[in-house]
Number of protein chains: 2
Amino acid sequence: MSGERRKFRREGEAARREALISAALDLVAESGPQAATVRAIADRAGVTPGLIRHYFASKGELARAAFRTLMDRLNAISDAAIGDPGMTAEQQLATFVVTSLRPPSVDPEVLTQWAGFIHMIRSDDALRSVHEATYVAYRDRLERLIADLARTNDPARLRAQAIACNAVIDGLWLEGSALPSAFAPDALARIGLASVGAILGVDLFPHAPDDLIQEVDPT
Amino acid sequence: MSGERRKFRREGEAARREALISAALDLVAESGPQAATVRAIADRAGVTPGLIRHYFASKGELARAAFRTLMDRLNAISDAAIGDPGMTAEQQLATFVVTSLRPPSVDPEVLTQWAGFIHMIRSDDALRSVHEATYVAYRDRLERLIADLARTNDPARLRAQAIACNAVIDGLWLEGSALPSAFAPDALARIGLASVGAILGVDLFPHAPDDLIQEVDPT
DNA sequence: CATGTAATTATACAAGCGAATAATTACGGG
DNA sequence: CCCGTAATTATTCGCTTGTATAATTACATG
């Protein structure tokens, strides 16, 4: 009667860690960081709270792993957009910009997750390293795409342009994620193409992905 | 011996509310949202925890008030930069951009505070209204400054330019606040001026504030 | 100087937190 | 088929949390 111990299956370490991390990220996305308690995370992952401490030395270490996973996922989205050898440099850059300014990159839940970890950057060295590495990786990819346009080969100018383009994209990402209802579909992507184009002195619209939603002319 | 009740002074309601709000924001800035407990806030404000409930119906309401205060403070910083009638339109815009990309606007603590409240935007209608109103107010001010340049009077184009310039500024603000050591003094301001200028087709550098730190030429 | 009242403190409570430890059970290697 | 061991659950602990309520005290008003 009383002692019906819960049945379970032994999953691999990798699967369990991933399940716990995803559960934590889900909870942060839905209800903020304070909702991601040890008990809630375990429940969402389909295990009991004790198991968390079996795979992570502390809740903080789970948080670190979750932040790393979040950054990796974000990087992977825009990474997948480039590298097609059949594309011109302009096409690759335009695709990169558009991908960064659409779902699933632009997403209120992703912003909530990101913001939920940001305060740790100040106090946790490991987390700050992940954050810095992610930023630099993104900016460097952008810088390489800009360099391929061969409009300039002044390294300082190239770097400044990469920082500026990165900032436009980040800013538009931020606003689209924080105010999802304020922008029509692909409006952010079009503004991003125009702004990055203006900064670099290139018209990127002819090289944008075919499925880019054009501005509706309300005539 | 035992019952030495703590002495106190009666402050006005306004002063106490402000002290509690500032204490809460300080704690969030220093150690993240989870550090801003009722007890810690009261302690920092020099009162006992019960007083919080005397001025705020719940901790959530204090949080709402704190977010409003934070947004007002941020608005006030960049607001103070414009409105000087002795300045040309270009000077006002340049000053606005530079002010937004320097301390105290760019500040890791401010970013931490902002991020600490962002997750509430999704679930709290009042908070979302404040956030939307703040964004729109900032963007509209920018749009008015751009309109004064008289480069275009197409409303849709004006709006898109304002969104784009807002995004560059926000993105640079974000990166400067999240990675304070990655940028030389006023580097963000210079990149901001260059980018906003490129988007609008104006060279803003001749109109920048006199104290803008010029790029050091390492020749 | 007395008095009422609102600001402030003090105390208590139930719930939830992260962490530690002990008891069980699934499952692969003999 | 059994057995060891590691994965998983169960239980408990000490603390902290937000909130509620009662007791006090500062101060304005007369």
Side-chain angles (χ1 to χ4, degrees), chain A residues 1-24 27-28 30-67 116-117 119-120 123-124, chain B residues 1-24 27-28 30-67 116-117 119-120 123-124:
Chain A
M1 277 294 180
S2 63
E4 300 184 341
R5 203 183 176 90
R6 171 173 171 165
K7 301 284 182 240
F8 61 92
R9 283 189 22 218
R10 298 176 113 144
E11 307 277 354
E13 165 164 354
R16 279 277 131 95
R17 291 182 89 100
E18 204 217 54
L20 289 167
I21 289 171
S22 289
L27 286 162
V28 173
E30 287 171 20
S31 319
Q34 80 289 356
T37 67
V38 169
R39 285 166 178 82
I41 293 168
D43 201 50
R44 179 69 62 107
V47 299
T48 51
L51 197 62
I52 290 185
R53 291 279 318 255
H54 189 257
Y55 288 115
F56 300 94
S58 71
K59 194 196 174 186
E61 208 174 289
L62 168 55
R64 270 185 281 273
F67 183 68
F117 289 103
H119 71 92
M120 299 188 196
S123 52
D124 188 310
Chain B
M1 281 293 179
S2 64
E4 301 185 342
R5 204 182 176 90
R6 170 173 173 167
K7 302 283 183 241
F8 61 92
R9 283 192 18 223
R10 298 175 111 140
E11 306 277 354
E13 165 163 354
R16 279 276 130 93
R17 292 182 88 101
E18 205 217 51
L20 290 167
I21 288 170
S22 288
L27 286 162
V28 173
E30 287 170 20
S31 320
Q34 78 290 352
T37 68
V38 169
R39 285 166 178 81
I41 293 168
D43 202 48
R44 178 71 61 108
V47 298
T48 51
L51 197 62
I52 290 184
R53 293 281 319 253
H54 189 258
Y55 287 114
F56 300 95
S58 70
K59 193 196 174 186
E61 208 175 287
L62 168 55
R64 268 185 284 273
F67 183 68
F117 288 103
H119 71 91
M120 299 189 197
S123 52
D124 188 310

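Heavy atoms only: backbone and side chains are in, while hydrogens, waters and symmetry mates are out. In what follows, chains carry the letters A, B, and so on, assigned in the order in which the sequence lines appear, proteins first and then strands, with residues in each chain numbered from 1.
Annotation: side chain of A:M120 is not in contact with side chain of A:R64 (no heavy-atom distance under 4.5 Å). Taking the side chain as every heavy atom from C-beta outward, B:H54 and B:L51 approach each other to under 4.5 Å. Side-chain atoms of B:F56 and B:V38, non-hydrogen and from C-beta on, never get closer than 4.5 Å to each other.
When all heavy atoms of B:A19 and B:A45 are compared, the closest pair comes out as O-CB, 3.9 Å.
Note on A:R53: a side-chain N or O is less than 4.0 Å away from OP1 or OP2 of C:dA20. For D:dT24, neither phosphate oxygen OP1 nor OP2 lies less than 4.0 angstrom from any side-chain nitrogen or oxygen of B:R6. The side chain of B:R16 places an N or O atom within less than 4.0 Å of a non-bridging phosphate oxygen (OP1 or OP2) of C:dT8. Taking 4.0 angstrom as the limit, B:H54 places none of its side-chain polar atoms (N or O) nearer than this to OP1 or OP2 of C:dT8.
When heavy atoms are screened at a 4.0 angstrom cut-off, B:V38 is found touching base atoms of the nucleic acid. Looking at heavy-atom distances under 4.0 Å, A:E13 makes no contact with the nucleic acid at all. Note on A:R39: a base of the nucleic acid sits closer than 4.0 angstrom, heavy atoms only. Among the protein residues, B:T37 comes within range of the sugar-phosphate backbone only, with heavy atoms under 4.0 Å from sugar or phosphate atoms but none that close to a base. Within the nucleic acid shown, A:Y55 comes within 4.0 Å of sugar-phosphate atoms alone, with no base atom in reach, counting heavy atoms only.
Closest-nucleotide positions on DNA chain D for B:K7 and A:L51 were compared, and the one nearer the 5' end corresponds to A:L51.
Straight-line distance from the CG atom of B:L20 to the C1' atom of C:dT8: 12 Å, rounded to whole Å. Between the CG atom of A:L27 and the P atom of C:dG18 there is a distance of 11 Å, given to the nearest Å.
Closest to the side chain of B:T48, from the set D:dT8, C:dT9, C:dA19, is C:dT9. When distances are taken from the side chain of A:R5 to each of C:dA19, C:dT9, C:dT24, the shortest belongs to C:dT24.
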